[in-house]
Trainee: 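Attaching a single structure in structure tokens format; questions to follow.
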2 protein chains.
Amino acid sequence: MQEINLKEHFKSFPAKQVKKGEILLRAGDFTNSAFFVEEGCLRAYIINSNGKEYIYQFAPENWIVSDEEAVLEKKEAIFYIDAIEDSVIKVLNSGDLRSPDMNVDAANKHISGLQRKLNSFRKRIILLLSATAEERYETFIKTYPNLAQRVPLKMIASYIGITPESLSRVRKELVAKK
Amino acid sequence: MQEINLKEHFKSFPAKQVKKGEILLRAGDFTNSAFFVEEGCLRAYIINSNGKEYIYQFAPENWIVSDEEAVLEKKEAIFYIDAIEDSVIKVLNSGDLRSPDMNVDAANKHISGLQRKLNSFRKRIILLLSATAEERYETFIKTYPNLAQRVPLKMIASYIGITPESLSRVRKELVAKK
DNA sequence: CCTGTGAATTGATGTATGGTAAGAAAGAAA
DNA sequence: TTTCTTTCTTACCATACATCAATTCACAGG
């Protein structure tokens, strides 16, 4: 999830309204698009062979979400992307994000963005390797307090790698502790 | 883990010999260095509050390993880095990796490197979210067949987020299946 | 206001993986 | 070689989390 304000940068792009539940990308599709979220919230997730969903990323206002590997390497998408709230988005094509005649300044911004993303991935990997369900949940609400208010619990559970039932019990425990 | 051949690029740097077990970075240190591995293998890992180790990265020949966030943001390191084989490395400082007067071509190479890393992190996150111990192990040996030969099983276990005992049982199962 | 649908909770039970401890095997050292 | 150390395996038991099923709760739509 990136922090730079991009709204200004994409202001000339046509806005697209999407309804809650609308699917923007399906696993198996070929895609050249990324989605910048101006209002609302999207999510990217996989569905594994048992039909279970695992959320890879939430994308609230000012975030960009896409199946980057599919776009960059022209592969089939592995992610589904849909809207979890009524949203206003801008559809970007790969060229909009990184042009071949990019200058050093733009490249450095891009590098910083990638490094920020890498940092957040690193933290998530360490968390998934080493933390209990309770620790994962507490880290999530500390890291994304806004999201924690907005998204259904079952999606938070999916993002942190536990079941909704377990998350419900973890929350009960936490309340009991205070 | 990057794929570009960097040996040529760092050939003018002085080589440093490190013995198996030698620690190059400790959590809590401030650091400005990254390590390019010419021969041998390093590893980066965290030690959590219970004293358990979790391996974040292996770095065999031609890889660069560092606590990137500590270097870039001048924070205390969270990782330990040590040698798991007798190794020959080059010690790089942050300026060696990314100079302020970088040209567009160098920047693009850097971007590609970051994207490759992002792709591998993405895969690891999905694996940690959704795969069983057995699936994680099989994915590891498929993805890093060389490493699987070289590093002790208990380190593979640590990397994929299970205990050495569980990995031993998983391997037994896999043998029985054939 | 009702009613339907998905979300959240709860209880009972199952299971994959962890923890502990002991011994076997494999490497390093001497 | 022999010894010492570390890794790996195995058995037994413990536990965190998952699964299944039944309510309850919270709204969105009519």
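Just so it is clear, the model here is predicted, and its values are computed rather than measured. Throughout, a chain's letter reflects where its sequence line sits, starting with A, and its residues are numbered from 1.
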Trainee: Run the salt bridge (charged side-chain N to carboxylate O under 4.0 Å, His left out) test against A/K19 and tell me which residues pass, sequence neighbours left out.
Mentor: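 Testing A/K19 for salt bridge (charged side-chain N to carboxylate O under 4.0 Å, His left out), a comparison that skips the adjacent residues, returns A/D86.
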
Trainee: Atom pairs, N/O to N/O, protein against nucleotides 17-20 of chain D, distance under 3.5 Å?
Mentor:
from: D/dC17; atom 1: OP1; to: A/A133; atom 2: N; distance (Å): 3.0
from: D/dA18; atom 1: OP2; to: A/T163; atom 2: N; distance (Å): 3.2
from: D/dA18; atom 1: OP2; to: A/T163; atom 2: OG1; distance (Å): 3.1
from: D/dA18; atom 1: OP2; to: A/S166; atom 2: OG; distance (Å): 2.4
from: D/dT19; atom 1: OP1; to: A/K52; atom 2: NZ; distance (Å): 2.7
from: D/dT19; atom 1: O4; to: A/R169; atom 2: NH2; distance (Å): 2.7

Trainee: Test side-chain contact (heavy atoms from CB on, under 4.5 Å) on A/H110 and A/Q115; report intermediate values, then the result.
Mentor: CA-CA 9 Å; A/H110 195 172; A/Q115 267 156 353; over 6 Å; no

Trainee: Centres of the B/F140 and B/Y137 rings: under 6.0 Å?
Mentor: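 No, the ring centres sit 6.0 Å or more apart.
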
Trainee: Atom CD of A/E173 to atom C1' of D/dA16: distance rounded to whole Å?
Mentor: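 Atom-to-atom, A/E173 to D/dA16, this comes out as 11 Å.
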
Trainee: Just jot down the salt bridge (charged side-chain N to carboxylate O under 4.0 Å, His left out) partners of A/K142, sequence neighbours excluded, or say none.
Mentor: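 Partners of A/K142 by the salt bridge (charged side-chain N to carboxylate O under 4.0 Å, His left out) criterion come out as none, since no residue qualifies.
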
Trainee: So, do B/N108 and B/V104 sit near enough that their side-chain heavy atoms are less than 4.5 Å apart?
Mentor: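 The answer is yes; the side chains approach within 4.5 Å.
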
Trainee: Hey, can you pull the residues of residues 123-130 of chain B with a non-hydrogen atom under 4.0 angstrom from DNA chain D?
Mentor: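 Hits under 4.0 Å, by residue number: none.
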
Trainee: Anything under 3.5 Å between a protein N or O and an N or O of nucleotides 3-8 of chain C, put it in a table, one pair a line.
Mentor:
from: C/dA7; atom 1: OP1; to: A/K154; atom 2: NZ; distance (Å): 3.2
from: C/dA7; atom 1: OP2; to: A/K154; atom 2: NZ; distance (Å): 2.8
from: C/dA8; atom 1: OP1; to: A/L153; atom 2: N; distance (Å): 2.9
from: C/dA8; atom 1: OP2; to: A/L153; atom 2: N; distance (Å): 3.3
from: C/dA8; atom 1: OP2; to: A/K154; atom 2: N; distance (Å): 3.0

Trainee: Would you say that A/I156 contacts A/Y144 through its side chain, given a criterion of any heavy-atom pair below 4.5 Å between the two side chains?
Mentor: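 No; the side chains remain at least 4.5 Å from each other.
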
Trainee: Does a side-chain N or O of A/K172 approach OP1 or OP2 of C/dT9 to a distance below 4.0 Å, or not?
Mentor: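 Negative; the distance criterion is not met.
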
Trainee: Taking only residues two or more places apart in sequence or in another chain, which ones pass side chain to side chain donor-acceptor pair (under 3.5 Å) with B/R150?
Mentor: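 B/R150 satisfies side chain to side chain donor-acceptor pair (under 3.5 Å) with B/E61, B/E85 once adjacent residues are dropped.
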
Trainee: Output a table of donor-acceptor pairs, distance under 3.5 Å, between side-chain atoms of residues 23-49 of chain A and any protein atom two or more places apart or on a different chain; print 'none' if there are none.
Mentor:
from: A/D29; atom 1: OD2; to: A/R26; atom 2: N; distance (Å): 3.2
from: A/T31; atom 1: OG1; to: A/S33; atom 2: N; distance (Å): 3.0
from: A/N32; atom 1: OD1; to: A/S94; atom 2: OG; distance (Å): 2.8
from: A/E38; atom 1: OE1; to: A/K90; atom 2: NZ; distance (Å): 3.4
from: A/R43; atom 1: NH1; to: A/D82; atom 2: OD1; distance (Å): 3.2
from: A/R43; atom 1: NH1; to: A/D82; atom 2: OD2; distance (Å): 2.7
from: A/R43; atom 1: NH2; to: A/E53; atom 2: OE1; distance (Å): 2.6
from: A/Y45; atom 1: OH; to: A/D82; atom 2: OD2; distance (Å): 3.2
from: A/N48; atom 1: OD1; to: A/N50; atom 2: N; distance (Å): 2.9
from: A/N48; atom 1: OD1; to: A/G51; atom 2: N; distance (Å): 3.3
from: A/N48; atom 1: OD1; to: A/K52; atom 2: N; distance (Å): 3.1

Trainee: Between the two ends of the helix from C/dC1-D/dG30 to C/dA30-D/dT1, what is the bend in degrees, rounded to 10 degrees, where each end axis spans five pairs?
Mentor: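 It comes to 50° between the two terminal axes.
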
Trainee: Given the rule in the side-chain contact (heavy atoms from CB on, under 4.5 Å) test, do A/K11 and A/K7 qualify, once you have shown the distances and angles that lead to the verdict?
Mentor: CA-CA 6 Å; A/K11 70 170 186 293; A/K7 188 167 176 177; 6.0 Å; no

Trainee: Do B/V65 and B/F79 touch side chain to side chain, with heavy atoms closer than 4.5 Å?
Mentor: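 No; the side chains remain at least 4.5 Å from each other.
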
Trainee: Main chain of A/P164, side chain of A/S168: is a donor-acceptor contact present, judged purely on distance under 3.5 Å?
Mentor: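 No.
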
Trainee: What pairs meet the side-chain hydrogen bond (donor to acceptor under 3.5 Å, both in side chains) rule with one or both residues in residues 72-81 of chain B, with sequence neighbours excluded?
Mentor: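 Applying side-chain hydrogen bond (donor to acceptor under 3.5 Å, both in side chains) to every pair that reaches into residues 72-81 of chain B, excluding sequence neighbours, yields A/N119-B/E73, B/E69-B/K75, B/E73-B/K75.
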
Trainee: Determine the minimum heavy-atom distance between A/A83 and A/V18, stating which atoms define it.
Mentor: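 Result for this residue pair: CB-CG2, 3.9 Å.
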
Trainee: With sequence neighbours left out, what residues match A/A106 under side chain to side chain contact (heavy atoms under 4.5 Å, CB included)?
Mentor: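 For A/A106 the side chain to side chain contact (heavy atoms under 4.5 Å, CB included) partners, ignoring immediate neighbours, are A/M102, A/N103.
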
Trainee: Can you measure B/Y137 atom OH to C/dA16 atom C1' for me and round it to whole angstrom units?
Mentor: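 Rounded to the whole Å, the gap is 18 Å.
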
Trainee: Please tabulate, one pair per line, all N/O donor-acceptor pairs under 3.5 Å involving side-chain atoms of residues 124-132 of chain B, not counting sequence neighbours.
Mentor:
from: B/R124; atom 1: NH1; to: B/Y56; atom 2: O; distance (Å): 2.6
from: B/R124; atom 1: NH2; to: B/I55; atom 2: O; distance (Å): 2.9
from: B/R124; atom 1: NH2; to: B/Y159; atom 2: O; distance (Å): 2.9
from: B/S130; atom 1: OG; to: B/I126; atom 2: O; distance (Å): 2.8
from: B/T132; atom 1: OG1; to: B/E135; atom 2: N; distance (Å): 3.2
from: B/T132; atom 1: OG1; to: B/E135; atom 2: OE1; distance (Å): 3.4

Trainee: Show me the protein contacts with nucleotides 25-30 of chain D, counting only N or O atoms at under 3.5 Å.
Mentor:
none

